[in-house]
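Below is one structure, written out as structure tokens, with a few remarks after it.
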Amino acid sequence: MKKKQKNLNEAFKELEEIVKKFENEEINLDKAIPEYKRALRLAKFLEDRLKKMKNEVEEVGK
Amino acid sequence: MIFSVSEFNEFIDEYLDSVGEVVVEGEISEIRINQGKWVFMTIKDESASLRIFSFTWTLKNLSSLTEGMLVRVKGSPGLYKKNASFSLQASEVLPSGEGALRLAFEQLRKKLSEEGLFDVSRKRSLVSFPEKIGLLTARNSRAYSDFIKIINARMGGLKIYFYPVQVQGEGAVDSIINGLDFFNKELLDLDLLVITRGGGSLEDLQAFNDERVVRKVYASKIPVVAGVGHEADVSLVDLVADLRASTPSNAAELIVRDKKDVIQQIEFDKKLIRQTIIKNIDERLEVVRKIKSIFQKFTQILSLKISNNINTISNSVNSLLTHQINKLSNLKRLLRSLNYQNVLRRGYSITFSEDGSVLKNNTMVKLGDKIKTLLYNGKINSKVLSLNYEEKTKKS
């Protein structure tokens, strides 16, 4: 089953949570490597989205 | 007709009475209170001034009147008959223009503040990366173009729903309220609303100080960011909003991060994680190295001890073996010496009876028995021809 794609907020929040764990330096090496890989995937997702997207303006109410 | 002074003053005073109440607008240039009872004021315009007279109990809002304020004075012209000084006896002095607006603003601000509309605790936080934004501002305005320009420069991927509103003048209040209602009914999933306009006078910004607009913003289910006027302009909508921006451009800066900064932050995060892992591995390696070093030293000591022990054991074994070898050699020599061949070699012989028994005495044979005698280099077969007995003492 395909996982629901994260939005920017969720992805950034998860990345920041991973970073916080590493900032505390209380890491378990067995878990650290998979989390680092996860962080890299999140970073790539964010960077790709940030670089590519344009804004759209729609007039409403009339 | 010739008047006396007092008659003339009386005449003019009566004439002025007939004018009735008038309203005169001017700027207060002087205001003073005498003995806590009488109020003397002067108002002016560009070319003239007018003295105002009243009583402290008549002017209820006296404390809000200040020099420089534009006011409208309602009163009756009169002449002080004693010296013919002309003044307007005021029944009411109200702020006019910006003064009035400022007073009304302060009164409403106080009232709404006491109700808790501006409490910091009720301000909602905004998402870091909004994706859907509602925008209320004037079409083709500088505020609109500034806001959109900054947003586009900082971040992409946004869907902006623009509801054009009137931002000043008659109809502005209803226009803004309609916009807020629209978003709160039709687009409740927006991340935030932005209400913004450029700078102007207090009168220009009046719609954003209207109580109905302020309450509508307060009731919005969608978080509101307000950027009304310039930095120095603080409207009531600014105070009730979840976040206040100083200008339309500042509103765009506050609601979205610059993607360059975000990308830089992400790069920093990746580097931090990588460095933390490397540092952790290095620390563990260092521990392993220390353990290995300790173990090596221990092994060396142990090897030395074992080596010493082996030497000791080896020496002991050697010594034991040597002793045993010597013992064996001695035994061998003894055995060799006891070897019957060596006895025979010395000239002795062994005689056997016919049945093979070794003859130890002559009673074991009789005359005529066949016997064998073993010598060093062979055997002799013979017969017993005679037997001679000798007395021997038995050994115990």
Side-chain angles (χ1 to χ4, degrees), chain A, chain B residues 126-136 139 144 147-148 151-165 175 178-183 186-187 190-191 252 256-281 283-284:
Chain A
M1 191 195 280
K2 204 175 177 184
K3 282 186 187 173
K4 184 185 160 194
Q5 193 181 15
K6 278 188 182 296
N7 63 28
L8 283 181
N9 284 297
E10 288 166 354
F12 195 77
K13 191 176 170 200
E14 189 183 343
L15 177 61
E16 290 299 293
E17 281 168 5
I18 295 174
V19 170
K20 211 171 176 182
K21 279 187 208 173
F22 281 85
E23 277 177 334
N24 291 337
E25 293 190 19
E26 293 169 4
I27 58 169
N28 177 326
L29 264 184
D30 289 330
K31 288 181 186 168
I33 304 299
E35 283 193 325
Y36 175 50
K37 287 181 183 173
R38 175 74 182 146
L40 287 180
R41 282 198 294 274
L42 287 168
K44 184 167 187 335
F45 166 75
L46 285 165
E47 283 167 342
D48 285 349
R49 291 280 300 268
L50 288 170
K51 284 173 186 168
K52 286 177 192 166
M53 297 184 303
K54 301 272 178 220
N55 293 328
E56 186 190 335
V57 179
E58 179 187 332
E59 188 169 319
V60 294
K62 299 292 179 208
Chain B
L126 307 181
V127 293
S128 301
F129 294 95
E131 295 186 39
K132 291 191 209 169
I133 295 172
L135 174 63
L136 291 127
R139 186 188 277 117
Y144 175 88
F147 179 81
I148 295 295
I151 279 274
N152 284 342
R154 287 170 76 84
M155 186 61 73
L158 293 163
K159 179 69 186 277
I160 300 168
Y161 296 90
F162 169 51
Y163 188 106
V165 295
S175 176
N178 288 342
L180 288 164
D181 280 341
F182 173 85
F183 284 123
E186 307 294 336
L187 287 165
L190 293 182
D191 293 310
V256 294
R257 296 178 61 177
D258 192 329
K259 63 184 168 200
K260 290 193 289 295
D261 292 339
V262 178
I263 290 170
Q264 198 174 52
Q265 173 75 40
I266 291 168
E267 288 302 314
F268 176 79
D269 289 346
K270 281 175 6 187
K271 196 175 164 189
L272 182 139
I273 296 172
R274 193 167 49 240
Q275 283 176 341
T276 305
I277 291 177
I278 290 169
K279 185 180 168 207
N280 210 277
I281 291 172
E283 282 169 2
R284 276 160 172 70

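Numbered from 1 within each chain, the chains take letters A, B, ... in sequence-line order.
Considering every non-hydrogen atom in both B/Thr276 and A/Phe22, the closest pair reads CG2-O, 3.4 Å. In this structure, B/Ile266 and A/Ala43 approach most closely via the heavy-atom pair CG2-CB, 3.3 Å. Between A/Val60 and B/Tyr163, the shortest heavy-atom distance links the atoms O-CD1, 3.7 Å.
With a 4.5 Å cut-off on non-hydrogen atoms, B/Leu272 touches chain A through its side chain but not through its backbone. For B/Gln275, no part lies near chain A; criterion is any non-hydrogen pair under 4.5 Å. For A/Glu16, the part lying under 4.5 angstrom from a heavy atom of chain B is the side chain only. Only the side chain of A/Leu15 comes within contact range of chain B, with at least one heavy atom under 4.5 Å from a heavy atom of that chain. Proximity to chain A (any heavy atom under 4.5 Å) is restricted, for B/Glu131, to the side chain, taken from C-beta onward. Both the backbone and the side chain of B/Arg274 come within contact range of chain A, each with at least one heavy atom under 4.5 Å from a heavy atom of that chain. If you measure heavy-atom distances from B/Tyr144 to chain A, the contacts under 4.5 Å come from the side chain alone. Interface remark: B/Arg257 contributes side-chain atoms only to the contact with chain A (heavy atom separation under 4.5 Å).
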Verdict with supporting geometry, A/Val57 and B/Ile148, side chain to side chain contact (heavy atoms under 4.5 Å, CB included): CA-CA 9 Å; A/Val57 179; B/Ile148 295 295; 4.0 Å; yes
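Chosen from B/Leu187, B/Ile263, B/Ile133, the residue pairing most often with chain A at heavy-atom distances under 4.5 Å is B/Ile263.
For the pair A/Asn55 (side chain) and B/Met155 (backbone), a donor-acceptor distance under 3.5 Å is present.
At most 12 non-hydrogen atoms from other residues, nucleotides or ligands lie less than 6.0 angstrom from CD of B/Gln264.
For the pair B/Ile273/A/Ile18, a side-chain contact is recorded, criterion being any heavy-atom separation below 4.5 Å from C-beta on. By the 4.5 Å heavy-atom criterion applied to side chains, B/Lys259 and A/Lys51 are not counted as neighbours.
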